[in-house]
J.: 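Below: one structure in structure tokens.
So you know, we letter chains A, B, ... as the sequences are listed, proteins then strands, and number each from 1. All values below come from the heavy atoms of this structure, side chains included, with hydrogens, waters and symmetry mates left out.
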Amino acid sequence: MRTLRDLLAVSRWAESLPDDLRARVESESFTRLCAAGALVCRKGERVEHWIGVVDGLVKMANVSAEGKPMSFTGIASGGWFGEGSLLKEEPRRYDIVALRESTIAYMPKVTFMALLDRSVAFNRFLIMQLNERLGQFIGLVEHDRLLRPEARLAQCLAGLFNPLLYGGIGKSLPVSQEELGQLAGLSRQRVNQALKVLEQASLVRVDYGGVTVLDLDALRNYEG
DNA sequence: TCATTAAATTGTT
DNA sequence: AACAATTTAATGA
């Protein structure tokens with residue numbers, strides 16, 4: 001994907017939008033190129049946009065008071081985020097970091113609110129997305145954070161490949177083991193080993209510079 | 001199209 | 001963290 005139009009083409013909420021609303025989204029939103037390692041948006045700042053990933057890979061993360069990085073989830077091409085803070089009118093609660101050079105789409109708050117007022121499909125999408133994320137985070141708490149590296153990576157991959165959240169993603173995603181390490185909070189070496197375990201269990205296939213998911217449900221429930 | 005080279009990624013210690 | 005091996009992408013004949 002290269003453009004905002006491409007992103008909208010794979011965004012389910014945009015499918016059934018009336019022409020005038022769709023045109024409004026296209027004209028009022030804009031995209032920006034974020035360098036690898038750059039902050040797409042900061043914790044604590046005013047929330048003025050709903051944000052989409054046109055192309056690239058970002059992570060939702062914070063640094064704890066002790067300085068330890070805490071990664072919540074990754075968002076790949078086709079994903080949208082930030083509706084929570086937008087709806088609650090509160091400052092953003094997390095940093096978004098680009099793991100590689102990424103094209104990011106920004107939809108102004110007024111546009112977002114117009115969709116909320118006028119599109120049932122959009123409201124349904126938001127409820128679904130909030131619910132999916134809730135389930136994802138419950139999974140994290142349930143298994144607790146000190147999972148074995150394999151389980152941690154499995155959880156992380158399952159989140160990345162959620163077909164409901166990210167329409168554009170198929171079964172395979174170009175993502176390096178280095179990037180997975182940053183997402184899951186593991187060293188690249190550990191990711192390499194963990195990937196082999198998951199591949200051995202026929203949950204994923206490891207390609208050069210990418211991963212293919214073979215069994216999403218098993219990944220979600222993986223406990224070792 | 002093929003061979004060469006550089007860069008990125010992976011596998012291992 | 002370092003190093004070697006492997007894969008891909010780019011270049012030019």
Side-chain angles (χ1 to χ4, degrees), chain A residues 1-7 9-10 31-40 52-64 66-79 81 95-105 136 140 143 145-163 165-224:
Chain A
M1 292 200 289
R2 282 259 53 101
T3 67
L4 174 65
R5 189 174 287 254
D6 295 335
L7 176 57
V10 300
T31 64
R32 195 160 70 86
L33 191 63
C34 292
L39 255 58
V40 175
V53 181
V54 177
D55 184 72
L57 182 66
V58 305
K59 73 169 176 179
M60 194 181 286
N62 272 341
V63 283
S64 70
E66 305 89 51
K68 299 194 187 259
M70 176 80 183
S71 177
F72 296 125
T73 186
I75 296 133
S77 306
F81 61 87
D95 287 326
I96 295 287
V97 182
L99 292 180
R100 66 172 82 133
E101 186 176 85
S102 302
T103 306
I104 305 297
Q136 200 171 321
L140 285 179
H143 294 128
R145 215 35 219 197
L146 296 170
L147 300 159
R148 302 191 8 252
E150 293 81 21
R152 203 150 148 174
L153 184 63
Q155 193 93 47
C156 173
L157 285 171
L160 266 187
F161 280 90
N162 187 325
L165 294 182
Y166 316 121
I169 310 249
K171 292 182 185 307
S172 56
L173 177 73
V175 57
S176 72
Q177 298 178 6
E178 167 72 39
E179 290 169 332
L180 284 176
Q182 295 189 52
L183 271 180
L186 301 169
S187 69
R188 184 178 67 75
Q189 292 93 320
R190 208 63 194 77
V191 169
N192 185 271
Q193 290 179 286
L195 274 177
K196 282 178 177 165
V197 173
L198 297 179
E199 186 172 46
Q200 202 64 223
S202 300
L203 301 186
V204 300
R205 184 160 49 77
V206 180
D207 322 307
Y208 181 82
V211 178
T212 301
V213 169
L214 302 176
D215 190 338
L216 185 56
D217 275 336
L219 262 189
R220 282 210 183 95
N221 303 332
Y222 187 88
E223 293 178 29

J.: So, OP1 or OP2 of B:dG11: does either fall under 4.0 Å of a side-chain N or O from A:Gln177?
T.: yes

J.: Indicate whether any N or O donor in one side chain lies under 3.5 Å from an N or O acceptor in the other, for A:Asp207 and A:Thr212.
T.: yes

J.: Rounded to whole angstrom units, what separation is found between the CD atom of A:Glu178 and the P atom of B:dT12?
T.: 18 Å

J.: Are the charged groups of A:Lys68 and A:Glu66 less than 4.0 angstrom apart, N to O?
T.: no

J.: Starting from P on C:dA2, measure out to CG on A:Asn192 and report it in whole angstrom.
T.: 18 Å

J.: Could you check how far CD of A:Glu101 sits from C1' of B:dA8, rounded to whole Å?
T.: 15 Å

J.: A:Tyr208 OH to B:dA7 P: how many Å, rounded?
T.: 13 Å

J.: Assess the residue pair A:Glu179 and A:Arg188 against the criterion (salt bridge (charged side-chain N to carboxylate O under 4.0 Å, His left out)); give the C-alpha distance rounded to whole Å, side-chain angles, the decisive distance to 0.1 Å, and a yes or no.
T.: CA-CA 8 Å; A:Glu179 290 169 332; A:Arg188 184 178 67 75; over 6 Å; no

J.: Separation of A:Arg188 atom CZ from B:dT9 atom C1', in whole Å?
T.: 7 Å

J.: Taking the side chain as everything from C-beta on, heavy atoms only, tell me whether A:Gln177 gets closer than 4.5 Å to A:Val206.
T.: yes

J.: Could you give the NZ-to-P distance, from A:Lys196 to B:dT10, as a whole number of Å?
T.: 11 Å

J.: Rounded to whole angstroms, how far apart are CG on A:Leu99 and C1' on B:dA8?
T.: 16 Å

J.: To the nearest angstrom, how far is A:Asp207 atom CG from B:dT9 atom P?
T.: 14 Å

